[in-house]
Engineer: 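Below are the structure tokens for one structure; questions will follow.
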Amino acid sequence: PIDPWFIGGPVIKGFGRGSKVLGIPTANLAAENFSDILSDHTSGVYFGWAGLSKRGIYKMVMSIGWNPYFDNTEKTIEPWLLHGFDEDFYGEELRLVIVGYIRPEANFPSLESLIERIHEDGRIAENALDLPEYAKYKESPYLRNPL
Ligand code: ADP
Ligand code: MG
């Protein structure tokens with residue numbers, strides 16, 4: 001178990017690497033706002049709860065990774081909300097509580113194997129978040145932001 005941590009802000013545009021086409025959209029947060037908290041946490045795949053001001057609270061699985069465009073000093077924060085949305089929510093306030101760690105960043109021999117692994121990460125997150133020790137954080141006031 002890890003100490004939960006809390007980050008949030010407006011959903012920004014990512015690099016549009018086609019994650020949505022792959023069925024894995026990630027609602028990016030601006031990593032530069034969280035450089036201190038991110039430097040305390042290793043790169044890899046985490047899970048937790050996501051609150052969207054006008055929509056609700058959802059399970060999420062998230063990659064924290066190095067961004068090669070920023071000289072290895074900046075990471076990207078890319079939560080995949082485990083819910084089917086009818087529309088995008090760019091610009092909306094997104095609040096995250098990160099409660100668990102799944103695995104470090106890894107290289108994959110093919111795109112297919114990467115996608116397969118992310119779906120497995122999603123299943124792990126789905127199941128873990130039903131356990132009382134993780135489920136309780138769904139009630140975090142931080143997720144229900146007043147904006
Ligand atoms: P970008 O590179 O701009 O982040 P993505 O392909 O990763 O583009 O798509 C992310 C966007 O898709 C989010 O900003 C959000 O508006 C929308 N979206 C729709 N469904 C989801 C979801 N289940 N999880 C995360 N984002 C989603
Ligand atoms: Mg994204």
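Counting convention: from 1, in listed order, for ligands and their atoms alike. Along the sequence shown, residues are numbered consecutively beginning with 1. From a predicted model like this one, the values you see are computed outputs, not experimental measurements.
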Engineer: Hey, which atoms in ligand 1 end up nearer than 4.0 Å to a heavy atom of Val11?
Structural biologist: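 Contacts of ligand 1 toward Val11, numbered from 1: 14 (O).
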
Engineer: Going by the closest heavy atom to atom 14 (O) of ligand 1, which one wins out of Tyr58, Trp80, Phe89, Tyr90?
Structural biologist: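 That would be Tyr90.
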
Engineer: Any idea which of Gly23, Gly14, Pro10, Pro25 brings a heavy atom closest to atom 22 (C) of ligand 1?
Structural biologist: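 It is Pro25 whose heavy atom sits nearest to atom 22 (C) of ligand 1.
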
Engineer: What side-chain donor-acceptor pairs closer than 3.5 Å can you find for residues 79-88, not counting sequence neighbours?
Structural biologist:
from	atom 1	to	atom 2	distance (Å)
Glu87	OE2	Arg55	NH1	3.0
Glu87	OE2	Arg55	NH2	2.9
Asp88	OD1	Lys20	NZ	2.9
Asp88	OD2	Lys20	NZ	3.1

Engineer: Are the ring centres of Trp5 and Tyr46 closer than 6.0 Å?
Structural biologist: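 Centroid separation for Trp5 and Tyr46: below 6.0 Å.
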
Engineer: Does anything in residues 129-138 form a side chain to side chain donor-acceptor pair (under 3.5 Å)? List the pairs, not counting sequence neighbours.
Structural biologist: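 The answer is Lys59-Asp130.
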
Engineer: Does an N or O anywhere in Thr26 fall below 3.5 Å from an N or O of ligand 1?
Structural biologist: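 Indeed, backbone or side chain, Thr26 has an N or O that close.
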
Engineer: Which of these, Leu81, Thr76, Asp86, has its nearest heavy atom closest to atom 23 (N) of ligand 1?
Structural biologist: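 Ranked by closest heavy atom to atom 23 (N) of ligand 1, first place is Leu81.
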
Engineer: Can you check whether Tyr142's main-chain N or O pairs, donor with acceptor, with Arg95's side chain at less than 3.5 Å?
Structural biologist: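 Yes; at least one donor-acceptor contact below 3.5 Å.
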
Engineer: Dump the intermediate steps for side-chain contact (heavy atoms from CB on, under 4.5 Å) on Ile77 and Leu38, then the final yes or no.
Structural biologist: CA-CA 9 Å; Ile77 304 173; Leu38 290 184; 3.8 Å; yes

Engineer: Check whether any side-chain heavy atom of Ile64 lies under 4.5 Å from a side-chain heavy atom of His41, and answer yes or no.
Structural biologist: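 No - every pair of side-chain heavy atoms lies 4.5 Å or more apart.
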
Engineer: Minimum heavy-atom separation for Val97 and Met60, please, with both atom names.
Structural biologist: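 Reported closest heavy-atom pair: O-CE, 4.0 Å.
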
Engineer: Under 3.5 Å, side chain of Ser110 to main-chain N/O of Ser113, donor-acceptor pair present?
Structural biologist: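 Flag set: sc Ser110 to bb Ser113 pair under 3.5 Å.
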
Engineer: Checking contacts here: is it the side chain or the backbone of Phe85 that comes within 4.0 Å of ligand 1, counting heavy atoms only? Could be both or neither.
Structural biologist: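 Contact part for Phe85 vs ligand 1: side chain (C-beta onward).
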
Engineer: Heavy-atom contacts with Ala27 under 4.0 Å: which atoms of ligand 1 show up? List them by number with element.
Structural biologist: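 The list of qualifying atoms is 13 (C), 14 (O), 25 (C), 26 (N).
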
Engineer: Where the Mg ion (ligand 2) is the centre, what is the OG1-to-OD1 angle for Thr26 and Asn28, rounded to 10°?
Structural biologist: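 Between OG1 of Thr26 and OD1 of Asn28, the angle at the Mg ion (ligand 2) is about 100°.
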
Engineer: Give the numbers and elements of all ligand 1 atoms closer than 4.0 Å to a heavy atom of Lys13.
Structural biologist: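 Here the atoms of ligand 1 in question are 3 (O).
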
Engineer: What do you reckon, does Asn28 have a nitrogen or oxygen under 3.5 Å from a nitrogen or oxygen of ligand 1?
Structural biologist: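 Yes.
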
Engineer: Classify the contact between His83 and ligand 1 as side chain, backbone, both or neither, using a heavy-atom distance cut-off of under 4.0 Å.
Structural biologist: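 Under 4.0 Å from ligand 1, His83 contributes backbone atoms alone.
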
